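Handing you a structure now.
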Amino acid sequence: MATYKPLHDWTNISPTDAVALQQQLRSQIRIEPLTATPQTIAGCDISFNKFEETVYAGIVVLNLETLETIEEVGVISSATFPYVPGLLSFREIPSLLEAWQKLKTEPDVVMFDGQGIAHPRRIGIASHGGLFLNRPTFGCAKSVLVGKYEEPAPERGSWSPMTHYKDVVGAALRTKNKVNPVYVSPGHLIDLETAINLTLRCDGGRRGYGYRIPEPTRRTHNLVNALRRGERKAD
DNA sequence: GCGACAG
DNA sequence: ATCTTGTCGC
């Protein structure tokens, strides 16, 4: 039901072709403030068994105000591209788009489990996905791909900019007191400050009593793992 | 040339 | 990412 813009094919692409595609697409990415107040936010993720090509992809949409789950979809597909640092989108986006099409709700903003412009060519999975979904997207990763930063203060909410070749590409953000930071970077049609604020708003619990991983990603992670273990059915 | 390297 | 028990620290 939810649609997207098929900017290019995902099959028969070699790693070399993928890099060329990223170079071609990067100029279309827009880092700017939101043009409307978002009411809903979606999280997306995939899961799979080691050494197997079957992938379990899912998307969970939540009410940004209450954080209640509005809708969730899960699909079983297969990966055709291997995991290559810097080319994650080519491995995960195809199945995520299959899940996206099952959505009845059109999320106002989408959070990805990976980088946005904090990428060697400034087009990580959140940016690439944003171009296809044609709406605000950002990345919230558990580790760094590129960029350096000063350790942020130990309190939830503190953050420090991540720099890569003189460009501020993201931020190391503390989502919980005294816990390792997450790495936030704008994907498309959003700016860093907004991405940081949205990430902090997605904390499960009051007063930072939630988890390190923001709710959209955390819930989707649980969903796709349950799908993989057969504890839940696909849509 | 030697490491680093989202999920 | 996935495979897994106990263990250190607030």
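This one's a predicted model, so the numbers in the text were calculated from it and none came from an experiment. We name chains A, B, ... by the order of the sequence lines, and we start the count at 1 in each one.
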Could you check whether A:Gly139 gets within reach of a base, just the sugar-phosphate, or nothing at all, counting any heavy atom under 4.0 Å?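 No contact.
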Under-4.0 Å side-chain N/O to phosphate OP1/OP2 contact, A:Ser143 with B:dC5: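 A:Ser143 to B:dC5 OP1/OP2: no side-chain N or O under 4.0 Å.
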Report the distance from atom OH of A:Tyr165 to atom P of B:dA4, rounded to the nearest whole Å.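 Interatomic distance, OH of A:Tyr165 to P of B:dA4: 16 Å.
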Heavy-atom side-chain contact between A:Ser89 and A:Phe112 under 4.5 Å: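 Sidechains of A:Phe112 and A:Ser89: no contact.
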Can you tell me how far CG of A:Asp113 sits from SG of A:Cys44, rounded to the nearest 0.5 angstrom?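 It comes to 8.0 Å.
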Between B:dA6 (C1') and A:Leu87 (CG): distance, integer Å: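 Distance check: A:Leu87 CG to B:dA6 C1' gives 11 Å.
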According to a strict under-4.0 Å criterion, is A:Lys142 in side-chain N/O contact with OP1 or OP2 of B:dA6?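 For A:Lys142, the contact criterion (side-chain N or O under 4.0 Å from OP1 or OP2 of B:dA6) is not met.
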Please state how far atom CZ in A:Arg91 lies from atom C1' in B:dA6, giving the value in whole angstrom units.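 The answer, rounded to whole Å, is 13 Å.
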Output yes when A:Arg219 and A:Glu72 qualify as a salt bridge under the 4.0 Å nitrogen-oxygen rule, no when they do not.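 Salt bridge flag = no for A:Glu72 with A:Arg219.
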Looking at C:dA1 and A:Tyr83: do their rings stack (centroid distance under 5.5 Å, interplanar angle under 30°)?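 Whether judged by distance or by angle, A:Tyr83 falls short somewhere, so it does not stack on the base of C:dA1.
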Geometric class of the A:His8/A:Phe132 ring pair [parallel <30°, tilted 30-60°, perpendicular >60°]: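 Aromatic pair A:Phe132/A:His8 classed perpendicular.
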Using a heavy-atom cut-off of 4.0 Å across all strands, would you classify A:His128 as base, sugar-phosphate, or nothing?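 No contact.
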For A:Arg122 and B:dA6, is the shortest distance between a side-chain N/O and OP1 or OP2 below 4.0 Å?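 Answer no for this pair, as no side-chain N or O of A:Arg122 is under 4.0 Å from OP1 or OP2.
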Closer than 4.0 angstrom, basic N to acidic O: yes or no for A:Lys102 and A:Glu71?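 Salt bridge flag = no for A:Glu71 with A:Lys102.
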Whole angstroms only, please: what is the CZ-P distance between A:Phe81 and B:dG7?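 One finds 17 Å between P of B:dG7 and CZ of A:Phe81, rounded.
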From CG of A:Asn180 over to P of B:dA6, roughly how many Å is that when rounded to an integer?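 The answer, rounded to whole Å, is 15 Å.
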With a 4.0 Å cut-off on heavy atoms, is A:Ile125 in touch with a base, just the backbone sugar-phosphate, or nothing at all?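 It contacts base atoms.
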A:Tyr183 side-chain N/O to B:dA6 phosphate OP1/OP2 under 4.0 Å: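 Negative; the distance criterion is not met.
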Going by an N to O cut-off under 4.0 Å, is there a salt bridge joining A:Arg174 and A:Glu151?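 Salt bridge flag = yes for A:Glu151 with A:Arg174.
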In this structure, how many angstroms lie between the C1' atom of C:dA1 and the CG atom of A:Leu145, rounded?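 Rounded to whole Å, this separation is 14 Å.
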Among B:dG7, B:dA6, C:dC3, the one nearest A:Arg228 by side-chain distance: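 It is C:dC3.
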Under 4.0 Å, heavy atoms only, any strand: does A:Ile93 hit a base, just the sugar-phosphate, or nothing?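 No contact.
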Rounded off to whole Å, could you give me the NZ-to-P distance for the A:Lys148 and B:dA4 pair?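 Result: 11 Å.
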When you measure from the side chain of A:Lys178, which nucleotide among C:dC10, B:dA6, B:dG7 comes out closest?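 Of the candidates, C:dC10 comes closest.
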Which nucleotide in the set B:dA6, C:dT2, B:dG7 lies at the smallest distance from any side-chain heavy atom of A:Asp45?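 Taking heavy atoms from C-beta onward, the closest nucleotide is B:dG7.
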Out of B:dA6, C:dC3, B:dG7, which has the shortest distance to the side chain of A:Asn49?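 Between B:dA6, C:dC3, B:dG7, the one nearest the side chain of A:Asn49 would be C:dC3.
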Whole-Å distance separating the CZ atom of A:Phe90 from the C1' atom of B:dA6: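 These atoms are roughly 14 Å apart.
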Base, sugar-phosphate, or nothing for A:Val144, non-hydrogen atoms under 4.0 angstrom?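 Since only primed, P, OP1 and OP2 atoms lie under 4.0 Å of A:Val144, the category is sugar-phosphate.
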Look at A:Asn225 and C:dT2 and indicate whether a side-chain polar atom (N or O) is within less than 4.0 Å of OP1 or OP2.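 Checking C:dT2 against A:Asn225, a side-chain N or O does come within under 4.0 Å of OP1 or OP2.
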